[in-house]
Amino acid sequence: MIKHIGIIGAGVAGLHFGLLLRQHGVAATIITDRNPDEIAGMRLLNTVAHHYITLDRERSLGVYHWPVEEYGYSHHHHVFNLPQPLKFSGAFTAMSRGVDYRIYLPRLMDDFTARGGKIEYRAIGADDLAKLAARFDLIVVGTGRGPFGQMFEPVEEHSPFTRPQRALCVGLYTGVRATDPPGVTISVSPGQGELIDIPMLSFTGKVHALLMENVPGGELEELARLRYDDDPKKFRATLLAKLEKHHPAVYARIDGARFDLQRPQDLLQGGVVPTVRRTSVELGDGKLAIAVGDVHSVLDPVMGQGANIASYSAFVLGEEIVKAHVFDRLFCERVDRRREERVLGAQRWTNMMISPPSEDLLGLIGAMSQNQALADEFTENFNYPERQWARLASPPRIRHWIAEATARRGAAQLATA
Ligand SMILES: Cc1cc2nc3c(=O)[nH]c(=O)nc-3n(C[C@H](O)[C@H](O)[C@H](O)COP(=O)(O)OP(=O)(O)OC[C@H]3O[C@@H](n4cnc5c(N)ncnc54)[C@H](O)[C@@H]3O)c2cc1C
């Protein structure tokens, strides 16, 4: 069977998916609303770090353009801003890396067309779907914007929030010193929110993404509304004062004289309502549309999972398409079953981390600060959110994890004594 797949959207989901199809000789056309130059010129879209499991997929696609030796990082540094600050680090077994998506996506669009993929530039509306369905064997929807969010119904059971749980203020900044060893810093100001500091490659070279996840109603929330363009000096002074009070470990690495947004457009403010949606709809004449990426599951960015699982889901879907001869309901069900554990694992774990912490979670944090192997496993599991969730899903699981790690450390100490 000669297959031709239509893909709406050229985000990481659409592109990793399209590139995988081309690798297997499947005809793929992406229809998207922005060309590479337009993407490069946009305001900050997000601040995405790819964990090594996603970098492995880039390698397998032949789109691993930014080597970790030059741009990557090896650790997560955790800081809790308590009267007696709590600090510990976890190591990955292989490096992760952050590249500004306004550089990343245009490069992969070029890769896709160089490998025989076609891209058509226009915005798709609900009315266009029937015509599109007639051209392709299957429509893959890789955007939740416009009509597409409504097209796929939310799954209430997995979508516990009706509003954002964090007021986001994220920018790309100069004047922030990197950590040693190179890593992402996850700084928590209890009751006020988190700051995720990510080393990132952008248009002027290496900068730092400061993703401030502010608790609504808290002392940091105003950052999500403070306008940079109206008064850059005031914006910087307000931000620095809040960093000094709430995230002092990151503040200590800032050179006040050089600290500024890389460029005025490198700031994004807003919020995400974490939502899981149903994944397939019938378009008539037996044709189906299937969702991949954020339109399937959109998460709060605090644990850096959205793009990583979008890429994973794109691969699952692509591999199933390569094997399949029929694209019907059963096909969609099988794809969903294969990707479900990781997609839901990421969503549930992330939602746990933006909810008030349980005693057991606080116990785990304390245990990680005393047990390197436990901190390393927590860090490594950013690659495998389903494993993280298998450790965290209920109080007995958390307690079992701590007990197991404590026993392992005790045995190791005995062996070396
Ligand atoms: C501040 C922030 C930080 C983040 N950090 C991380 C991180 O560290 N790690 C991580 O894994 N994830 C992170 N994420 C999440 C990540 O950005 C998303 O999960 C990911 O980019 C989603 O990719 P996608 O391909 O599903 O959708 P999108 O990137 O939204 O792509 C949609 C595509 O569709 C096109 N399009 C839109 N409407 C139409 C239309 N009507 N017709 C045709 N085309 C259309 C768009 O132009 C675009 O090409 C972060 C998000 C934010 C906001």
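Treat the numbers as computed from the prediction; the structure is a model and nothing was measured. Whatever order the structure lists ligands and atoms in, that order sets their numbers, starting from 1.
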Under 4.0 Å from a heavy atom of [X]: give me the atoms of ligand 1 that qualify, with their elements.
X    : value
T32  : 35 (C), 43 (C), 44 (N), 47 (O), 49 (O)
G304 : 7 (C), 8 (O), 9 (N), 10 (C), 11 (O)
A123 : 42 (N)
R145 : 37 (C), 38 (N)
R34  : 47 (O)

Purely on distance, is any nitrogen or oxygen of [X] under 3.5 Å from one on ligand 1?
X    : value
I124 : yes
P301 : no
G293 : no

Nearest-option assignment for [atom], heavy atoms, candidates [options]:
atom                    : options               : result
atom 5 (N) of ligand 1  : I7, L44, N46, T47     : T47
atom 7 (C) of ligand 1  : G98, A49, G125, G171  : A49
atom 49 (O) of ligand 1 : A10, G146, A310       : A10
atom 27 (O) of ligand 1 : G142, A346, A126, G9  : G142
atom 19 (O) of ligand 1 : I30, D294, V298, I309 : D294

### Query
Would D56 and R59 satisfy salt bridge (charged side-chain N to carboxylate O under 4.0 Å, His left out), going step by step from the backbone distance to the final call?
CA-CA 5 Å; D56 283 347; R59 289 186 188 92; 2.8 Å; yes
### Task
For ligand 1, note which part of V170 has a heavy atom under 4.0 Å away: side chain, backbone, both or neither.
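Side chain only.
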### Message
Side chain, backbone, both or neither: which applies to H50 and ligand 1 if a contact is any heavy-atom pair less than 4.0 Å apart?
### Response
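Near ligand 1, H50 shows nothing, with every heavy atom at 4.0 Å or more.
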Quick one: look up the protein heavy atom nearest [atom] and list residue, atom name and how far away it is.
atom                    : value
atom 23 (O) of ligand 1 : V12 CG1, 3.6 Å
atom 47 (O) of ligand 1 : D33 OD1, 2.5 Å
atom 28 (P) of ligand 1 : G11 CA, 4.2 Å
atom 25 (O) of ligand 1 : A13 N, 3.0 Å

### Query
Do F259 and H208 have their ring centres less than 6.0 Å from each other?
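No, too far apart.
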### Query
For the rings on H65 and Y104, is their centre-to-centre separation under 6.0 Å?
no
### Task
Answer yes if the side chains of N308 and T54 hold a donor-acceptor pair under 3.5 Å, and no otherwise.
yes
### Message
Looking only at side-chain N and O atoms, does E377 offer a donor or acceptor that is under 3.5 Å from a partner on W401?
### Response
yes
